[in-house]
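Source: prediction; values computed, not measured. Just so we're on the same page: letters track the sequence lines, and every chain starts at 1.
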Protein chains: 2
Amino acid sequence: MIPDKTIGRLSLYRRLLNRLCGEGVSNVYSHQLAAMAGVTAAQVRRDIMSIGCSGNPNRGYELVELIESIGKSLDDPGGQRAALVGVGNLGRAILTYFSGRRPKLSIVAAFDNDPRKCGRVTQGCRCYGVDRLPDMVSELDITIGVIAAPANDAQRVADQLVHAGVTGILNFAPVRIRVPSTVYVEDMDMTTALEKVAYFARKK
Amino acid sequence: MIPDKTIGRLSLYRRLLNRLCGEGVSNVYSHQLAAMAGVTAAQVRRDIMSIGCSGNPNRGYELVELIESIGKSLDDPGGQRAALVGVGNLGRAILTYFSGRRPKLSIVAAFDNDPRKCGRVTQGCRCYGVDRLPDMVSELDITIGVIAAPANDAQRVADQLVHAGVTGILNFAPVRIRVPSTVYVEDMDMTTALEKVAYFARKK
DNA sequence: TGTTGTGAATCTCTTCACAGCT
DNA sequence: AGCTGTGAAGAGATTCACAACA
């Protein structure tokens with residue numbers, strides 16, 4: 001089981017490596033990848049070690065091999081599907097972001113209580129009423145929920161997602177949600193993030 | 001200088017405390033706040049210690065005093081102003097989120113290259129062309145930049161913000177930006193976040 | 001009794017530093 | 001010569017555990 005922080009960096013590495021690959025580069029040294037990712041070379045080597053991939057002192061790491069190795073750790077071979085709840089500005093932004101980005105991970109359904117949004121398709125993703133959540137989750141084999149609903153609805157939405165069977169939640173609402181310990185939650189708290197920036201913009 | 005992680009939790013505590021305050025509660029124990037924030041009681045006490053506030057074994061912490069103490073650490077007495085660059089779905093969501101939330105920290109101007117967006121006012125915030133960035137930043141005394149532009153524009157936007165004089169950046173673009181070490185950057189990387197959730201949704 | 005404040009212990013993450021390789 | 005892989009050291013963050021207190 002790879003630790004939290006390492007997974008985050010591997011995700012970043014993969015994107016950087018894919019870009020390099022598109023530029024025709026075929027191998028990379030830890031210090032180069034480190035510079036691009038804004039971390040140290042030792043960190044990069046450790047992270048790569050943790051996924052059981054190895055380079056060679058002459059040529060560094062083979063790009064294709066490394067990208068595949070990361071995929072083997074991060075991706076589910078059968079793919080994973082996510083549901084978005086809340087199709088406001090933020091929800092639409094999230095759909096745009098993720099649409100067709102990764103073959104093994106996609107948002108396949110959206111839910112909103114506003115009847116005007118239901119039935120519409122945004123970024124190849126159809127919007128349903130939240131009452132449809134349970135059956136759609138099982139029908140489409142969804143294991144991930146993305147909460148982009150207002151703060152007041154976040155806990156109820158989380159409960160519904162958990163009840164429907166998702167095991168991971170990405171929470172954009174500015175409140176902490178309570179879930180069983182079997183469910184993994186990642187908070188994307190803009191308020192905290194901006195306050196942090198404000199603090200260090202002064203103190204640095 | 002309070003560490004990064006502590007600042008993040010203090011920001012969360014403040015929101016929780018404000019909510020409690022609105023419910024008429026007047027004091028709180030570390031274990032109560034801990035339960036709401038999803039951390040341990042010892043952690044809460046350490047965090048509160050780090051801002052030089054103290055409670056009392058009988059009544060715990062006085063809500064009002066604690067909230068003010070957090071404010072004294074997190075907020076600039078003169079207030080801080082931020083600029084948003086990129087007024088797409090995400091940019092509008094960000095404006096909605098922050099509009100009128102904190103008196104000491106607000107987004108006071110938005111910038112976008114699309115001429116159709118310029119001149120319009122969203123959430124009390126006027127949108128300008130990006131060419132206006134330098135003079136608006138100094139005119140409005142803006143010290144924080146929020147990047148909600150496409151990945152391809154992120155580095156250029158960051159350069160413009162830094163050049164205009166901001167010392168903190170909240171970056172929503174899915175790429176790392178390069179800035180002088182005097183500038184603090186916080187990344188809100190949705191791609192990484194979703195990939196992390198996907199991983200732990202499987203492994204947990 | 002049940003809480004705070006905090007030194008010490010623990011745990012986790014990162015960096016150092018260098019042997020071993022090409 | 002310059003890189004990787006990694007044990008060991010170091011730094012940072014969290015939790016333990018308990019004296020002091022109301």
Side-chain angles (χ1 to χ4, degrees), chain A residues 1-13 17 20 25-66 69-70 73 176 181 184 187 192 196 199-200 203-204, chain B residues 1-13 17 20 25-66 69-70 73 176 181 184 187 192 196 199-200 203-204:
Chain A
M1 166 81 106
I2 304 170
D4 187 286
K5 296 252 183 96
T6 304
I7 294 293
R9 285 189 300 265
L10 286 171
S11 158
L12 172 62
Y13 297 162
L17 294 171
L20 272 190
V25 180
S26 73
N27 50 266
V28 70
Y29 294 118
S30 61
H31 66 87
Q32 298 176 309
L33 183 50
M36 293 187 287
V39 302
T40 66
Q43 181 85 83
V44 166
R45 293 201 299 274
R46 258 220 201 279
D47 290 339
I48 291 176
M49 220 178 57
S50 77
I51 56 171
C53 185
S54 65
N56 124 1
N58 244 346
R59 337 183 26 71
Y61 302 90
E62 295 296 329
L63 273 188
V64 176
E65 187 193 331
L66 185 48
S69 245
I70 295 177
S73 288
R176 287 296 163 106
S181 65
Y184 178 88
D187 287 301
T192 290
K196 251 166 84 168
Y199 179 83
F200 289 107
K203 299 283 172 165
K204 227 179 143 177
Chain B
M1 165 81 104
I2 304 168
D4 185 286
K5 297 252 182 94
T6 305
I7 294 293
R9 285 189 300 264
L10 286 170
S11 158
L12 172 62
Y13 297 162
L17 295 169
L20 272 189
V25 180
S26 73
N27 50 265
V28 69
Y29 295 119
S30 61
H31 66 88
Q32 298 176 311
L33 184 49
M36 292 188 285
V39 301
T40 66
Q43 181 87 84
V44 166
R45 294 202 297 278
R46 265 230 192 277
D47 290 339
I48 291 175
M49 222 181 54
S50 76
I51 57 171
C53 187
S54 65
N56 122 3
N58 244 348
R59 335 183 29 69
Y61 302 90
E62 295 297 328
L63 235 41
V64 177
E65 187 192 331
L66 185 48
S69 245
I70 294 176
S73 289
R176 286 299 162 102
S181 65
Y184 179 87
D187 288 302
T192 289
K196 251 165 85 168
Y199 179 83
F200 290 106
K203 298 285 171 164
K204 230 181 142 173

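- Side-chain N or O atoms of B:Y29 include none that pairs as donor or acceptor with a backbone N or O of B:P57 at under 3.5 Å.
- For the pair A:Y29 OH and D:dG2 P, the computed distance is 11 Å after rounding to whole Å.
- Five base pairs at each end of the helix from C:dT1-D:dA22 to C:dT22-D:dA1 define two local axes, and these are offset by 0° (rounded to 10°).
- At whole-Å resolution of the value, CZ in A:R45 and P in C:dG20 are 16 Å apart.
- Side-chain atoms of A:Q43 never come within 3.5 Å of backbone atoms of A:T40 as a donor-acceptor pair (strictly under, hydrogens ignored).
- Atom CE in A:M49 sits about 13 Å away from atom P in D:dA8, given to the nearest Å.
- The closest side-chain heavy-atom distance from A:L20 to A:Q32 is not below 4.5 Å.
- The shortest non-hydrogen separation linking B:L12 to A:T192 is N-OG1, 4.2 Å.
- One interatomic measurement links the two molecules: CG of A:L10 to P of C:dC13, which rounds to 13 Å at whole-angstrom precision.
- B:T6 pairs in a side chain to side chain contact (heavy atoms under 4.5 Å, CB included) with only one of the listed residues (B:D47, B:I48, B:I51), which is B:D47.
- The nearest whole Å value for the distance from the NE2 atom in A:H31 to the C1' atom in D:dT4 is 11 Å.
- For the residue pair A:N27 and A:R59, the shortest heavy atom distance occurs at ND2-O, 3.2 Å.
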Just the atom pairs and distances: protein N or O near nucleotides 13-15 of chain D's N or O, under 3.5 Å.
unit_1: D:dT14; atom_1: OP1; unit_2: B:R9; atom_2: NH1; d: 3.1
unit_1: D:dT14; atom_1: OP2; unit_2: B:R9; atom_2: NH1; d: 3.2
unit_1: D:dT14; atom_1: OP2; unit_2: B:R9; atom_2: NH2; d: 3.0
unit_1: D:dT14; atom_1: OP2; unit_2: B:Q43; atom_2: NE2; d: 3.4
unit_1: D:dT14; atom_1: O5'; unit_2: B:Q43; atom_2: OE1; d: 3.4
unit_1: D:dT15; atom_1: OP2; unit_2: B:T40; atom_2: OG1; d: 2.9
unit_1: D:dT15; atom_1: O4; unit_2: B:R46; atom_2: NE; d: 2.8
unit_1: D:dT15; atom_1: O4; unit_2: B:R46; atom_2: NH2; d: 3.1

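- Considering all non-hydrogen atoms of both residues, A:Y199 and B:I2 come closest at OH-N, 3.2 Å.
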Pull out every protein N or O sitting under 3.5 Å from an N or O of nucleotides 20-22 of chain D, one pair per line with the distance.
unit_1: D:dA22; atom_1: O3'; unit_2: B:N58; atom_2: ND2; d: 3.1

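- Atom P of nucleotide C:dG2 and atom CG of B:N27 are separated by 17 Å, given to the nearest angstrom.
- Between atom CD of residue B:E65 and atom OG of residue B:S69 there is a gap of 6.0 Å, rounded to the nearest 0.5 Å.
- Formation of a donor-acceptor pair under 3.5 Å by the A:Y61 side chain with backbone atoms of A:C53 is not found in this model.
- A pairwise comparison of heavy atoms in B:A37 and B:Y13 identifies CB-CE2, 3.7 Å as the closest pair.
- A:I7 places its CD1 atom 16 Å from the P atom of C:dT12, with the value rounded to the nearest Å.
- At whole-Å resolution of the value, CG in B:L66 and P in C:dG5 are 10 Å apart.
- Within the model, atoms NZ of A:K203 and OH of B:Y184 stand 14.0 Å from one another, a figure rounded to the nearest 0.5 Å.
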